[in-house]
Structure formats: C-alpha cells, structure tokens
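The next block holds one structure in the form of structure tokens; read it before the comments.
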2 protein chains.
Amino acid sequence: MSDEIRNIKSIQIFNKVADVQNVTRAAKSLNISQSSVSYHIKKLEADLGVTLFRRSPAGLELSEAGTVLAGHVSRGLGSIRTGLDLVANRAGSMQVALLPMFASRWLSTRLGGLLEARPGLQLSIKNHNNSYAHMPNPERFADLGIQWGRGNWANFDVTKLWPEKLVVVCSPAYLKAHPIHAPSDLEGCNLLHVDDTRMWEEWFTANGLDLPSSQSQMMLEDRHFQLSSTINGLGVSLFASWAVQSELESGQLVTPFAQAFPTSFAYHLIVPRNVDMSPAAQQFRDWIIDISAQTYPSQGL
Amino acid sequence: MSDEIRNIKSIQIFNKVADVQNVTRAAKSLNISQSSVSYHIKKLEADLGVTLFRRSPAGLELSEAGTVLAGHVSRGLGSIRTGLDLVANRAGSMQVALLPMFASRWLSTRLGGLLEARPGLQLSIKNHNNSYAHMPNPERFADLGIQWGRGNWANFDVTKLWPEKLVVVCSPAYLKAHPIHAPSDLEGCNLLHVDDTRMWEEWFTANGLDLPSSQSQMMLEDRHFQLSSTINGLGVSLFASWAVQSELESGQLVTPFAQAFPTSFAYHLIVPRNVDMSPAAQQFRDWIIDISAQTYPSQGL
DNA sequence: AGTTGCAATCTAAAAATTAGATAGCAAGAA
DNA sequence: TTCTTGCTATCTAATTTTTAGATTGCAACT
C-alpha cells in the first residue's frame with residue numbers, strides 16, 4: 001500500500017528460481033547467465049535480510065520464508081501477466097490440468113467443438129494424476145484443472161461437473177472363465193484399481209456386501225494401464241462409462257451388470273483462488289460448465 | 001503462466017502514474033526525475049503496442065486499456081508487497097478506511113485495547129465519506145474499510161458488524177421551543193441530515209407516517225457538522241446512539257423518544273476481493289469482528 | 001582419480017536507467 | 001495582449017544496474 005518495491009527485477013528472477021529450484025536451469029529458462037541469477041538471489045536476500053534458500057553443494061531449496069514469498073510473488077506476477085496479456089491482445093493462451101484418461105477419452109473428441117466455438121483459443125494440456133488440487137503452487141502448473149474427488153479442496157473455486165458413475169467391466173474371455181451373475185460372484189475375481197480400493201469398497205457396500213480382506217486385487221500404475229490390463233483379461237475394473245464407451249461398443253469389454261453404479265465422487269472444475277483468470281481460461285471454464293449443464297441439467301450448478 | 005515480463009520496472013512506474021494520474025507527481029513520489037518517468041511510460045506503451053494514457057497539454061488520463069492494466073498491476077504489486085512485508089518482518093502496518101464519525105467516536109475510545117491486544121500493529125486511518133465501496137481502486141486506498149449501507153457491494157468481502165439503530169436527538173433548548181410528544185410532532189421541526197433523507201423516510205414510515213414534502217429540512221456537509229448543528233439547536237437529527245453517547249450523558253443533547261429505532265442499514269467491514277490481506281489487516285479484521293460478535297451475539301456472523 | 005552438476009565470486013563490459021536542460025502546448029492571470 | 005504556470009516529451013550525457021565469462025569450491029558419482 002505504501003512504500004515501493006525496489007528490487008522488482010530480482011524478485012522476478014527469484015520467482016523463476018523458486019519455480020525450478022535450481023539456479024542454472026532458471027538462468028537457462030530466462031536466457032541469462034548463471035552468475036547473473038546468482039547475483040540477483042543474493043541481492044534480494046541481502047536487501048530483505050532474510051535467507052530465501054537453503055544451500056547445499058547439491059543445489060538449493062526454498063527456505064520457510066522463501067516459500068511464503070514465492071507464493072505471493074507467483075500470484076502477483078501472474079496477475080500482472082494477465083493484465084499485460086489482456087491489453088496486448090494475446091490473451092488467447094491458457095493451460096489446463098487434466099487427468100490423462102479425461103484428456104484422451106473425453107476431451108479429445110470434443111476439442112473440435114471447443115476450438116470452433118472459441119476461435120483463437122490456444123490451450124495446452126498438462127497431465128496430472130489427480131494431484132493438481134494438492135500442488136504447492138497450482139497456479140504455476142495451470143490456469144485451471146479437472147479434479148476427481150468429493151469437492152473439498154481449500155484454496156480453489158470448485159464447480160461440480162459430473163458425478164462419477166461406474167460400471168463393472170472385464171474382457172469377454174475373463175467373463176467366460178469367471179461367470180458373474182450376482183455381485184457376490186465378484187469375490188472370486190481379481191479386482192483391478194489405481195491408487196486405492198475406495199471405489200470397490202463403495203461398490204461392495206452399495207451391494208450389501210463387505211469387501212473381503214482376502215480378495216485378490218491388483219493395483220495398476222494409471223488408468224490407461226488399468227484399461228489395457230482389463231482388456232487383456234487380468235480381472236474386473238470399475239470404469240466411468242464415458243471412458244470405456246468405445247471398448248464396450250467394439251466388444252473388447254463387457255459389463256456383467258447392466259446398470260451403472262453412482263458413487264459419492266465426482267469430477268470437478270477447480271480454479272486456484274486469488275488468481276486472476278485470463279479471458280482464455282474463462283472461456284474454457286464457461287464452455288465446460290455449459291457442456292456439464294447440458295449433460296446433467298439436474299445438477300443445479 | 002508462460003513467458004516472462006520484460007519491462008517490469010516500467011510497469012512499476014506505470015502503477016504509480018496510473019495512481020496519481022500525473023507524471024510529475026509520480027516522479028516526485030518515486031524520487032526520480034520527471035523525464036525518467038516519461039521515458040518508462042513511453043517505453044511500456046511501445047513494448048505493448050498500446051496507448052495507456054490519453055494525453056492533453058493539461059496532463060494525462062488512463063485510456064481504456066490503461067485502466068484494465070492498472071487494475072491488474074495494482075493487485076499484482078500489492079500481492080508481492082505483502083509477500084515482502086511478511087518475510088521481512090515488517091508486516092505490522094496497514095490502512096483502514098473509516099467514516100470520520102466512526103473513527104473519532106467509536107474507534108478512538110477502543111484504540112488502546114486494540115494496540116494492547118495486538119502489539120506492534122501500526123495502523124493508519126484514512127477517512128472516507130462512505131465512498132470506499134465505490135472507489136475504482138479501493139485496494140490502493142486502504143486494506144479494508146468500514147462502510148455503511150445494506151451490504152450489497154460487489155468486489156468486496158462483506159461482513160456485517162452492527163445494525164444501525166438510530167435515536168432522535170436535539171438540543172434541550174430546541175425541545176423546549178418545539179415540544180415533541182408524539183412522532184407527528186416532528187412535522188413541525190427542522191430535520192437535519194447528511195446526503196439524503198432516506199433515514200428520515202424510514203423513521204416516518206416506521207411510525208406510520210409519511211414524510212411531508214413540505215417538511216423543513218437541512219442538509220449538512222458531514223456528520224460532525226450535523227452534530228454541532230444539532231447541539232446548537234438548528235433542528236432534530238437521527239444519530240446512532242453510540243455516536244452521541246457522551247452528548248446525551250452531558251446533557252448537550254436530549255432524546256424526545258426513549259427507544260432507539262432499528263433501520264434496514266448497517267455498518268459493514270468490507271475487504272476488496274482478490275487482494276492478499278496482510279497479517280496486520282487480518283488482525284484488525286479479527287479484532288473488530290470479535291468485538292462485533294460480543295456486542296451483537298445474535299447477528300450470527 | 002576424474003567427471004559431472006551445482007552455486008558463489010571476481011572483473012570488465014554492456015545495457016538500463018537517470019538527471020538536467022530544453023521545448024512545446026494550453027489555460028489562466030494581469 | 002503578454003506573462004506565468006502546470007503539464008509532458010525529447011535530447012544528451014552521466015550513472016547505475018545488470019550481465020557475461022572465467023574461475024573456484026564443493027560433493028556425489030563413475
């Protein structure tokens with residue numbers, strides 16, 4: 001509010017160093033020399049009378065104070081940047097943090113419509129494994145993101161898009177080898193999943209069963225791997241129906257039970273708080289919320 | 001998110017010029033020469049390819065684009081500034097926008113308690129005539145403010161503090177000259193007010209009367225002037241009881257009607273949105289909300 | 001023992017910012 | 001009218017800040 005910032009340029013350089021946690025790489029990224037970056041960091045620390053980084057011969061990492069400063073500086077410069085983008089008519093670029101499955105299965109088929117509806121939009125897609133909401137500086141990673149869960153993330157503006165509705169799927173061969181007629185038949189099957197078994201637990205509970213502790217399970221690296229493993233007959237999986245639509249149509253996968261199982265989880269659009277949204281990001285947000293409202297009008301967004 | 005800001009220093013100077021709308025004054029305020037400021041503004045405009053100011057021989061004023069940029073830059077630099085304040089342990093200063101009456105009558109008696117409860121807090125008080133919520137860049141004026149009204153201000157986080165309860169007051173001499181027994185007796189009195197007669201209208205309506213269009217009125221410059229005018233026997237006023245407590249006790253003012261009249265207006269604490277709050281500002285906020293909750297526990301904050 | 005990746009420091013060069021003087025423009029004062 | 005005042009832009013030269021490049025030192029690998 002009152003006094004001015006004297007070492008604003010050093011702060012800008014600090015921002016990059018804090019981002020990449022490495023002086024040499026920051027210098028490369030900024031197209032200046034390593035010595036210059038080093039000089040600025042030291043200057044800033046001297047001016048503030050505070051240590052911003054812990055040094056080791058292996059490199060440097062943010063100190064307590066450095067972390068605090070980095071957050072504010074990142075948001076501040078971000079705000080200035082969007083201001084500049086706005087007035088310089090280069091407001092068309094943005095970054096979206098997407099779940100890989102979501103990007104490849106859902107978005108890719110709709111990208112054409114998006115670019116048609118919002119010409120000039122330049123978006124770059126960054127993958128994350130549902131970690132976007134938990135990054136220390138999400139606004140550095142992307143302008144907004146799709147996150148799966150229950151919607152309780154602080155520091156984000158959360159908009160629920162679709163509830164997660166799952167279907168049990170497996171390969172036709174697996175089904176033949178393990179006939180499944182009732183939910184309890186799954187107890188003899190190999191349950192495939194990513195991360196944890198929360199979804200399977202919900203499924204068993206919804207069907208009046210307990211997930212047996214002796215149940216055979218397999219944890220896969222990511223959803224794509226889980227998908228191909230399921231197709232290859234390693235076991236049964238829970239997938240969102242939109243994610244496996246083409247496999248179901250082509251017959252690579254089958255559903256032992258007809259109807260989908262509604263879970264307590266959902267896909268959310270999340271935007272870091274206290275960050276200026278670029279016009280492009282706003283367009284993307286409006287577009288996806290619009291589609292969501294069309295798909296699930298009952299959501300009451 | 002992506003490319004860097006090259007002319008950050010020029011932007012900083014632009015921020016000041018946008019603030020004071022005058023190159024010469026900005027230069028003085030920044031302790032640099034007028035030519036230097038002029039150079040930076042021109043450079044920034046050239047870099048962006050956009051006119052930021054409309055020039056006239058009389059001076060300059062922000063253009064459309066300039067206004068947009070100024071807002072973002074102001075918020076951005078503000079965020080960086082609070083970050084710096086935080087790590088440099090000079091986070092104790094803040095600015096509050098107050099109504100003059102509120103500052104002199106209400107806060108001044110409680111300042112001691114505040115400074116005792118939050119040692120090291122340095123606050124400066126800036127007066128406004130209920131215009132804080134309508135300033136183009138309120139965050140430039142103060143970190144937070146007290147605003148009177150109905151609480152419907154966009155771009156602010158609003159916390160209701162106290163409902164406005166008014167009492168009718170006048171000088172003892174005036175009361176003797178104009179005996180007031182029933183509300184309708186006020187029709188023969190001179191009604192003092194600031195700005196508009198909304199409060200008097202509410203009062204008459206609440207008492208089942210209409211404010212006669214022929215009613216004699218007097219509009220005063222500000223509340224302090226209204227107060228002294230009332231004491232000097234110019235007419236009757238509506239005041240918050242906390243504001244005239246000492247005058248009522250000393251007998252300079254009297255209340256023709258015993259009880260206070262609750263209005264639809266209230267005092268609110270308002271904080272500009274999308275702006276980082278300094279720790280000091282947060283302390284002040286917590287303190288005043290705390291007092292408010294003690295005074296009106298039923299508010300349900 | 002040698003290589004690699006890393007940051008700090010030194011010196012000189014390059015780039016930027018700055019001051020100071022000057023000019024030009026319009027409005028208000030005399 | 002002419003004079004003064006308040007304003008910004010522009011020019012040149014000085015000053016300050018930033019930068020590169022070479023060098024050092026440190027630890028972890030190879």
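Residue numbers begin at 1 in each chain, while the letters A, B, ... track the order of the sequences.
Within a 6.0 Å radius of NZ in K43(A), more than 12 heavy atoms belonging to other residues, nucleotides or ligands are found.
Candidate nucleotides dA7(C), dA16(C), dA9(D) were compared by shortest atom distance to the side chain of T24(A), and dA7(C) ranks first. Listed nucleotides: dT19(D), dT17(C), dA8(C). Nearest to the side chain of K9(B): dT17(C).
Scanning residues 25-39 of chain B for heavy-atom distances under 4.0 Å to DNA chain D yields R25(B), Q34(B), S35(B), S38(B). Near DNA chain C, defined here as any heavy-atom distance below 4.0 Å, the residues from residues 57-69 of chain A are P57(A), A58(A), G59(A), L60(A), listed numerically.
Of the residues listed (F141(B), Y132(B), W153(B)), the one engaging P272(B) in a side-chain contact (heavy atoms from CB on, under 4.5 Å) is Y132(B), and it is the only one.
A search for salt bridge (Lys or Arg N to Asp or Glu O under 4.0 Å) contacts involving R105(B) returns E247(B), not counting sequence neighbours. Scored by the salt bridge (Lys or Arg N to Asp or Glu O under 4.0 Å) test, D19(B) finds R140(B) as partners (sequence neighbours excluded). With sequence neighbours left out, the salt bridge (Lys or Arg N to Asp or Glu O under 4.0 Å) criterion links R6(A) to D47(A). Listed by chain and number, the residues in a side chain to side chain donor-acceptor pair (under 3.5 Å) with S56(B) amount to none (sequence neighbours excluded).
At a threshold of 4.5 Å between non-hydrogen side-chain atoms, the residues I146(A) and L107(A) do not count as touching.
Atom CG of D47(B) is separated from atom C1' of dA16(C) by 13 Å (rounded to the nearest Å).
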